[in-house]
Amino acid sequence: GQQRDALAREAKDLEEMFLEGLPTRYEMNHPAKCPGAVRKHMKWLGRFQNTGLVDRYRNIQRTLNPGEEKSVETLRRDR
């Protein structure tokens, strides 16, 4: 009930935070056509690498959707 709702809210807040500055799938798959894509990805990694937020998101997803967890990769926009 309430705990599940709180986890869903926290997951949504984390998703919004992760989307800021996250390179698109196109940028990741075609770095030669997208100058600055690697730098953008490294900057994004630097923001979240040692914060524990990505692990927290994974754990929330395991709790909310066992067997069908969303990963941060699924948050990437196509273009």
Side-chain angles (χ1 to χ4, degrees):
Q2 289 180 342
Q3 183 180 10
R4 194 169 180 79
D5 292 343
L7 287 174
R9 247 189 325 274
E10 185 179 354
K12 184 154 181 61
D13 292 343
L14 286 171
E15 287 175 3
E16 289 174 9
M17 190 185 315
F18 292 153
L19 281 174
E20 186 178 320
L22 184 67
T24 64
R25 281 192 181 94
Y26 183 82
E27 289 173 320
M28 294 299 291
N29 291 333
H30 303 92
K33 294 180 182 178
C34 304
V38 174
R39 190 175 306 115
K40 184 177 180 181
H41 180 66
M42 296 305 289
K43 185 177 178 182
W44 186 90
L45 279 178
R47 284 179 47 212
F48 297 108
Q49 195 160 23
N50 295 318
T51 62
L53 292 175
V54 174
D55 290 333
R56 175 71 182 148
Y57 181 74
R58 276 194 212 120
N59 289 332
I60 290 171
Q61 289 301 315
R62 286 182 189 128
T63 303
L64 293 176
N65 309 309
E68 296 179 15
E69 304 91 6
K70 283 173 56 178
S71 74
V72 174
E73 284 299 314
T74 63
L75 300 176
R76 285 189 197 281
R77 294 184 184 106
D78 289 329
R79 279 198 176 238

Rounded distance (nearest 0.5 Å) linking atom [atom1] of [X] with atom [atom2] of [Y]:
{"X": "K40", "Y": "M28", "atom1": "NZ", "atom2": "CE", "answer": "10.5 Å"}
{"X": "Y57", "Y": "E69", "atom1": "OH", "atom2": "CD", "answer": "10.5 Å"}
{"X": "R58", "Y": "L14", "atom1": "CZ", "atom2": "CG", "answer": "12.0 Å"}
{"X": "R4", "Y": "I60", "atom1": "CZ", "atom2": "CD1", "answer": "12.0 Å"}
{"X": "T24", "Y": "L19", "atom1": "OG1", "atom2": "CG", "answer": "12.0 Å"}

For [X] and [Y], which heavy atoms make the closest approach, and how far apart are they?
{"X": "L7", "Y": "T63", "value": "CD1-CG2, 3.8 Å"}
{"X": "A37", "Y": "P23", "value": "O-CG, 4.4 Å"}
{"X": "Y26", "Y": "K33", "value": "OH-CD, 3.4 Å"}

| said: Please determine whether the number of non-hydrogen atoms from other residues, nucleotides or ligands lying under 6.0 Å from atom CZ of R77 exceeds 12. | reply: no
| said: Could you check whether atom CD of Q3 has more than 12 heavy atoms from other residues, nucleotides or ligands sitting under 6.0 Å from it? | reply: no
| Angle class for the H41/W44 ring planes (parallel below 30°, perpendicular above 60°, tilted otherwise)? | parallel
| request: Verify side chain to side chain donor-acceptor pair (under 3.5 Å) between N59 and R62, making sure each step is shown before the conclusion. | output: CA-CA 5 Å; N59 289 332; R62 286 182 189 128; 2.9 Å; yes
| Are the side chain of R47 and the backbone N or O of E20 linked by a donor-acceptor pair below 3.5 Å? | yes
| request: Return yes if some donor-acceptor pair links the side-chain N/O of R76 with the main-chain N/O of R25 below 3.5 Å, else return no. | output: no
| task | Would you sort out whether N65 and Q61 count as a side chain to side chain donor-acceptor pair (under 3.5 Å), showing the intermediate values? | result | CA-CA 6 Å; N65 309 309; Q61 289 301 315; 2.9 Å; yes
